[in-house]
2 protein chains.
Amino acid sequence: MRILGIDPGSRATGYGVVDAHGGRLAFVGCGVIRPPARAPLPDRLLVIHDGVVEVLAEYAPDAAAVEDLFVAANPRAALVLGHARGAAVLALAGRQVPVAEYTPRMVKQAVVGHGQAVKAQVQGMVRVLLGLASMPSSDAADALAVAICHANHQSAGLGVPGAGPADPAATVRR
Amino acid sequence: MRILGIDPGSRATGYGVVDAHGGRLAFVGCGVIRPPARAPLPDRLLVIHDGVVEVLAEYAPDAAAVEDLFVAANPRAALVLGHARGAAVLALAGRQVPVAEYTPRMVKQAVVGHGQAVKAQVQGMVRVLLGLASMPSSDAADALAVAICHANHQSAGLGVPGAGPADPAATVRR
């Protein structure tokens, strides 16, 4: 099963692709979609959307996982982030790729083993778990972490959070 | 000049179309895009996006205007609203329709004459300004109000707020 993880952001949207066979994980690819920083928001959303569509065409994942970002500094930041996340999710929905959502805590739990891990620990474990020779960029590592989290939930038969009521407000938190 | 106004929301996205000739306004059409309330968010975003695409195909507007909603109850609500707004803006950007943004205060100022007007006043004035026989639904009226605001700014030569740096955070407020 091929899984695409996405770490959405209006400035940088990371993506990471892993193959999961039973409990084993294999790195396939990763990268960052960076809309021109000074472009108007509509144009940046289009770059994010079309970038995700290109990633789907290149890697043909069976499923996608996106971090459910409910911790935003303020309503304004959350609104802008929602635009970017919406553009990515829309690209997935338009190609009938099922979208699972995981809270940051669930991603840390899956990758490091506890939900209070710091960012650097997550990135280090992503590198170890996938046997990468070098450290991927921060955004790409976060995307790979979400993909790994989904792979673990799949192989553990824990189901797909968010696949039912994927409204962030309705997502199950553990 | 034909203008499409949009009032985005994850439950209901209103749209309204007006023709502006000099200082004169003519009602063209309006409606509400309602994704199935219990559908997952990705599916609802797709309904909003595809609904706006259909509206563009039906009315072929020259420009679009969207309310810049920076007043959200909380970061969570703002995040969900951002998704919906992003889906609508993305549909416009994908069809090369220029998108202007106006704050709620600017819309009230344009339609009622002062920025502290209540919702019912805005709706009543939309009906009067466009000579409508009956009151449009609340979401459609709000969308028509944004379109009227854009028409006024165009005819007054005030330029297009948000047409440059359309990032909500960068939008000029007056």
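Order of the sequence lines fixes the chain letters, A, B, ..., with proteins taken first and strands second; residue numbering starts at 1 for each chain. We use all heavy atoms of the structure for the numbers below, so side chains are in, but hydrogens, waters and symmetry mates are not.
With respect to chain B, the highest number of heavy-atom pairs below 4.5 Å among A:V66, A:L46, A:L92, A:D50 belongs to A:L46. Highest contact tally toward chain B, considering only A:G82, A:G86, A:A84, A:G94, is held by A:G82 [criterion: heavy-atom pairs under 4.5 Å]. Interface remark: of the candidates B:I48, B:L45, B:D43, B:L45 forms the most heavy-atom pairs closer than 4.5 Å to chain A.
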Result block: side-chain N/O donor-acceptor pairs under 3.5 angstrom for residues 115-126 of chain B, not counting sequence neighbours:
from: B:K119; atom 1: NZ; to: B:D142; atom 2: OD2; distance (Å): 2.7
from: B:Q121; atom 1: OE1; to: B:V118; atom 2: N; distance (Å): 2.8
from: B:Q123; atom 1: NE2; to: B:S138; atom 2: OG; distance (Å): 3.4

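Cluster annotation: A:V53 is not connected to A:V89 through the hydrophobic network of ILVMFWY side chains, with a link wherever side-chain heavy atoms come within less than 4.5 Å.
Remark: A:R105 does not engage A:E67 in a salt bridge, criterion side-chain N to carboxylate O under 4.0 Å. Between B:R2 and B:D19, at least one side-chain nitrogen of the basic residue sits less than 4.0 Å from a carboxylate oxygen of the acidic one, meeting the salt-bridge criterion.
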